[in-house]
Amino acid sequence: MATTAQENLPPPLDSKAKLPPLFDGTPRLYISYSCPFAQRAWITRNYKGLQDKIKLVPLNLQDRPAWYKEKVYPVNKVPALEHNGKVIGESLDLIKYVDSNFEGPSLLPDDPEKRKFADELFSHIDTFTNDVYTSFKGDPAKQAGPAFDYLEKALDKFDDGPFFLGQTTRQ
């Protein structure tokens, strides 16, 4: 993994914030500190050691700048990455883009079978997240239990890798 130095986090931009220079060659990752989908992209950036290469631009989602929707990302959601004259959104697409287009340790294994498995887990992440969040409105143990059971069973497939490919299962 890259650096462990403490990063100085910029304050979130609100509706009064001026438009930063756009498409000037500086990759920018637009996030909200509290958004779990944006946190995925932020973690990817940091894991790959790109803190000095991809500028973090946090937004206040309750009072976001109008220029964000108008000039940066018309979908008006975070995360979004400004890179090479275009903007990429949707956290899982953005993670794969950063992994493929920037230096640093790969998020995915080299082994084709494990890579396929990782893609399957990526495709299941949004379902899992939705199941867990909606369970908070009812009985979390009953409603989220099957989501965790599915994930635990899937993670038992391999036992020799980093993160979700082996080191998270119970002993």
Side-chain angles (χ1 to χ4, degrees), residues 1-7 9-14 29-51 54 56-64 68-69 73-81 87-100 102 104-171:
M1 206 166 5
T3 66
T4 57
Q6 181 72 25
E7 183 176 8
L9 300 176
L13 302 179
D14 61 19
L29 179 60
Y30 296 88
I31 66 162
S32 166
Y33 290 130
S34 61
C35 174
F37 304 103
Q39 289 171 358
R40 294 174 183 172
W42 183 14
I43 289 167
T44 299
R45 166 192 171 260
N46 292 353
Y47 175 74
K48 292 184 71 70
L50 300 169
Q51 294 90 328
I54 300 176
L56 203 60
V57 183
L59 302 176
N60 176 342
L61 296 183
Q62 284 69 47
D63 186 26
R64 74 186 84 191
Y68 181 69
K69 181 178 181 179
Y73 193 46
V75 178
N76 205 24
K77 297 191 304 186
V78 292
L81 176 72
V87 176
I88 298 102
E90 297 302 322
S91 62
L92 296 178
D93 295 336
L94 197 154
I95 287 168
K96 290 176 183 178
Y97 180 87
V98 168
D99 197 36
S100 299
F102 288 89
S106 178
L107 296 174
L108 298 173
D110 293 329
D111 179 279
E113 185 179 356
K114 290 179 181 177
R115 186 175 284 267
K116 181 180 178 217
F117 174 67
D119 284 337
E120 290 170 10
L121 282 180
F122 274 152
S123 69
H124 181 71
I125 285 174
D126 286 334
T127 300
F128 174 81
T129 302
N130 184 55
D131 289 350
V132 171
Y133 279 134
T134 57
S135 76
F136 295 151
K137 298 175 185 171
D139 181 352
K142 184 177 179 182
Q143 292 175 294
F148 281 99
D149 290 343
Y150 174 88
L151 189 60
E152 184 175 10
K153 184 177 181 201
L155 293 174
D156 280 340
K157 185 172 183 175
F158 296 102
D159 63 359
D160 63 338
F163 300 118
F164 58 84
L165 293 180
Q167 296 177 5
T168 60
T169 55
R170 288 182 269 160
Q171 299 298 323

Between [atom1] of [X] and [atom2] of [Y], what distance do you get to the nearest 0.5 Å?
{"X": "I31", "Y": "S91", "atom1": "CD1", "atom2": "OG", "answer": "12.5 Å"}
{"X": "D119", "Y": "L108", "atom1": "CG", "atom2": "CG", "answer": "6.5 Å"}
{"X": "L29", "Y": "L81", "atom1": "CG", "atom2": "CG", "answer": "6.0 Å"}

Side chain to side chain contact (heavy atoms under 4.5 Å, CB included) between L13 and N60, worked out
CA-CA 6 Å; L13 302 179; N60 176 342; over 6 Å; no
Quick check on [X]: does its [atom1] atom have over 12 non-hydrogen neighbours (other residues, nucleotides or ligands) under 6.0 Å away?
{"X": "K96", "atom1": "NZ", "answer": "yes"}
{"X": "D110", "atom1": "CG", "answer": "no"}
{"X": "Q143", "atom1": "CD", "answer": "yes"}

From L50, V57, L56, residue fulfilling side-chain contact (heavy atoms from CB on, under 4.5 Å) relative to I54
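It is L50; the other options fail the test.
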Once the angle between the rings of Y33 and W42 is folded into 0 to 90°, is it parallel (under 30°), tilted (30 to 60°) or perpendicular (over 60°)?
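Aromatic pair Y33/W42 classed tilted.
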Does N76 offer a backbone N or O that forms a donor-acceptor pair with the side chain of R64 under 3.5 Å?
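Checked: pair present.
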Using the ring pair (Phe, Tyr, Trp, His ring centres under 6.0 Å) definition, which of the options Y68, F37, Y73 pairs with Y30?
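Testing each of Y68, F37, Y73 against Y30, the sole residue satisfying ring pair (Phe, Tyr, Trp, His ring centres under 6.0 Å) is Y68.
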With sequence neighbours excluded, give me every side-chain hydrogen bond (donor to acceptor under 3.5 Å, both in side chains) pair touching residues 120-132.
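Sorted pair list: R40-D126.
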Decide yes or no on side chain to side chain contact (heavy atoms under 4.5 Å, CB included) for D14 and Q62, but give the supporting numbers first.
CA-CA 8 Å; D14 61 19; Q62 284 69 47; over 6 Å; no
Would a 4.5 Å heavy-atom cut-off, applied to side chains only, mark [X] and [Y] as touching?
{"X": "P36", "Y": "Y133", "result": "yes"}
{"X": "P10", "Y": "P58", "result": "yes"}
{"X": "L121", "Y": "L151", "result": "yes"}
{"X": "R45", "Y": "V98", "result": "no"}

Identify the two heavy atoms, one from S106 and one from R115, that lie closest to each other, and give their separation to 0.1 Å.
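Minimum heavy-atom separation between S106 and R115: OG-NH2, 4.4 Å.
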Taking salt bridge (Lys or Arg N to Asp or Glu O under 4.0 Å) as the definition, give me every residue that meets it alongside D99, ordered by chain and number, with sequence neighbours left out.
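So D99 forms a salt bridge (Lys or Arg N to Asp or Glu O under 4.0 Å) with K48.
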Could I get the full list of side chain to side chain donor-acceptor pair (under 3.5 Å) partners for S32, not counting sequence neighbours?
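Applying side chain to side chain donor-acceptor pair (under 3.5 Å) to S32 gives S34.
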Using ring centroids (six-membered ring only for Trp), state whether F148 and F128 fall under 6.0 Å.
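Ring-ring flag for F128/F148: true, centres closer than 6.0 Å.
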